[in-house]
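What follows is a short report on a single structure.
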Amino acid sequence: MAPPPFPNLKPKSNLTLNAILPSQIYTVDDFLSATEIKAIRTWIEGVVMEEPKPPGKGEAERTARRGSINSPDIASIVLRMLLPYIPLLSPLYKSSSPALSPNIRIYHYPRQTYFRCHYDSPTLDPTSKRLSCWTILIYLSDCTGGGTTFHLSTHDTGSANKKKNKPNAITKKADNAEGEKVTVEPKAGRLLLHWHGMSGGGCLKHEGKEVEQGDKWVFRTDILA
Ligand SMILES: O=C(O)CCC(=O)C(=O)O
Ligand SMILES: [Fe+2]
């Protein structure tokens with residue numbers, strides 16, 4: 001039997017782009033409808049999911065199951081949904097031909113799984129020869145815990161470029177030992193974009209916190225610069 005198809009998603013008008021931390025972290029709630037999430041979850045049943053592997057040298061530990069598929073078609077469906085928001089982002093998106101990485105990844109975090117602190121880095125798309133610059137995460141379920149937490153005083157380019165931005169916060173937490181953090185909670189249909197491009201101080205250190213209740217499902221790709 002043929003695997004279930006990826007649904008044809010419908011761009012929605014009147015959604016707000018929330019600047020959680022200007023120039024770094026943005027969200028859009030209800031980016032996907034409940035029907036679209038259900039159809040994507042059905043499509044995922046045809047995606048081969050791999051069990052977690054021990055981290056390689058210098059890699060962050062991650063204990064979620066992951067699947068990946070190379071699909072320019074899915075990238076173009078999701079790009080059409082993202083187009084209204086791209087001109088609103090900072091750093092300003094300069095390319096005249098917006099594109100998404102066809103490397104589509106699915107994460108499944110059962111209870112008690114996590115993705116430890118790391119930085120995303122610009123990654124070359126071998127076909128277009130373009131580097132990624134914005135991480136795209138779309139939450140496909142509700143769960144307790146499992147937030148995507150950013151460590152605000154961190155940049156991979158060293159202290160000279162540390163941001164002085166203040167977050168507009170979904171949940172804002174001060175932690176004296178580790179500095180200020182901002183957590184985007186997983187919510188079904190919520191889109192999270194965060195910057196990992198070359199300029200603007202690069203990527204903030206971030207992590208997928210341990211899931212406490214329920215299962216966390218995430219769709220991941222990247223905007224290409
Ligand atoms: O699952 C999350 O909340 C974070 C995922 C992440 O950091 C990544 O895909 O690089
Ligand atoms: Fe990441």
Side-chain angles (χ1 to χ4, degrees), residues 18 20-21 24-29 31-32 37 40-41 44 47 49-53 55-56 58-70 74-75 78 82 100-125 131-152 154-157 167 170-171 173 181-198 200-225:
N18 305 298
I20 304 301
L21 181 68
Q24 288 282 350
I25 311 167
Y26 296 85
T27 62
V28 178
D29 283 350
F31 183 73
L32 295 179
I37 293 167
I40 295 175
R41 293 282 302 270
I44 290 174
V47 175
M49 298 295 290
E50 290 180 5
E51 296 306 315
K53 299 187 197 66
E59 278 179 4
E61 185 188 14
R62 49 194 189 196
T63 57
R65 300 167 66 227
R66 292 162 67 95
S68 71
I69 175 162
N70 186 69
I74 295 174
V78 176
L82 285 166
L100 279 194
S101 167
N103 179 18
I104 307 298
R105 285 141 282 172
I106 299 295
Y107 305 154
H108 172 211
Y109 296 82
R111 199 168 74 87
Q112 293 182 333
T113 61
Y114 49 80
F115 190 168
R116 294 291 189 228
C117 280
H118 65 279
Y119 297 94
D120 297 355
S121 23
T123 301
L124 189 73
D125 169 48
L131 283 172
S132 63
C133 61
W134 285 97
T135 300
I136 301 295
L137 294 168
I138 309 172
Y139 303 109
L140 303 173
S141 63
D142 294 303
C143 62
T144 309
T148 309
T149 294
F150 295 87
H151 299 254
L152 299 187
T154 56
H155 273 84
D156 58 358
T157 48
I170 280 188
T171 51
K173 284 183 197 132
K181 304 173 193 176
V182 62
T183 297
V184 176
E185 301 294 348
K187 183 169 180 285
R190 173 176 282 165
L191 163 72
L192 162 63
L193 301 107
H194 76 87
W195 177 248
H196 71 244
M198 295 289 200
C203 187
L204 289 172
K205 186 162 84 178
H206 61 282
E207 59 188 307
K209 299 296 270 186
E210 184 168 325
V211 173
E212 292 161 23
Q213 279 308 327
D215 287 49
K216 174 182 167 188
W217 288 88
V218 187
F219 177 102
R220 159 88 197 260
T221 181
D222 303 279
I223 299 181
L224 301 176

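One-based numbering, in listed order, for ligands and for the atoms of each.
Checked by atom type and distance alone, the side chain of R116 never pairs as donor or acceptor with a backbone atom of Y114 at under 3.5 Å.
Checking N18 against T27 by side-chain atom types alone, a donor-acceptor pair falls below 3.5 Å.
Looking at heavy atoms from C-beta onward, I25 lies in side-chain contact with F150 at the 4.5 angstrom threshold. The shortest side-chain heavy-atom distance between I104 and V78 does not fall under the 4.5 Å cut-off. Residues W217 and I37 have side chains not in contact (no heavy-atom distance under 4.5 Å, counting atoms from C-beta outward). No side-chain heavy atom of F115 sits less than 4.5 Å from a side-chain heavy atom of T148.
Of the polar atoms of Y139, none of the N or O atoms is found under 3.5 Å from an N or O of ligand 1, judged by distance alone. No N or O atom of E207 sits closer than 3.5 Å to an N or O atom of ligand 1.
Within the listing of ligand 1, atoms 10 (O) sit less than 4.0 angstrom from a heavy atom of D120.
A distance of 6.0 Å or more separates the ring centres of H206 and H151.
Under a 4.0 Å N-O distance rule, the pair R190/D142 does not qualify as a salt bridge.
Of all protein heavy atoms, the one closest to atom 3 (O) of ligand 1 is T148 OG1, 2.6 Å. The closest protein non-hydrogen atom to atom 8 (C) of ligand 1 is R220 NH1, 3.2 Å. With respect to atom 9 (O) of ligand 1, the closest heavy atom belonging to the protein is Y107 OH, 2.6 Å. Looking only at heavy atoms of the protein, atom 1 (O) of ligand 1 is closest to Y109 OH, 2.6 Å.
Rounded to 10°, the angle formed at the Fe ion (ligand 2) by NE2 of H206 and NE2 of H118 is 90°.
Judged by the shortest distance from any of its heavy atoms, H118 lies inside the 4.0 Å radius around the atoms of ligand 1.
Among the heteroatoms counted here (N, O or S) of D120, OD1 is the one nearest to the Fe ion (ligand 2).
Contacts between K216 and ligand 1 below 4.0 angstrom, taking non-hydrogen atoms only, involve the side chain exclusively. Neither the backbone nor the side chain of R105 has a heavy atom within less than 4.0 Å of ligand 1.
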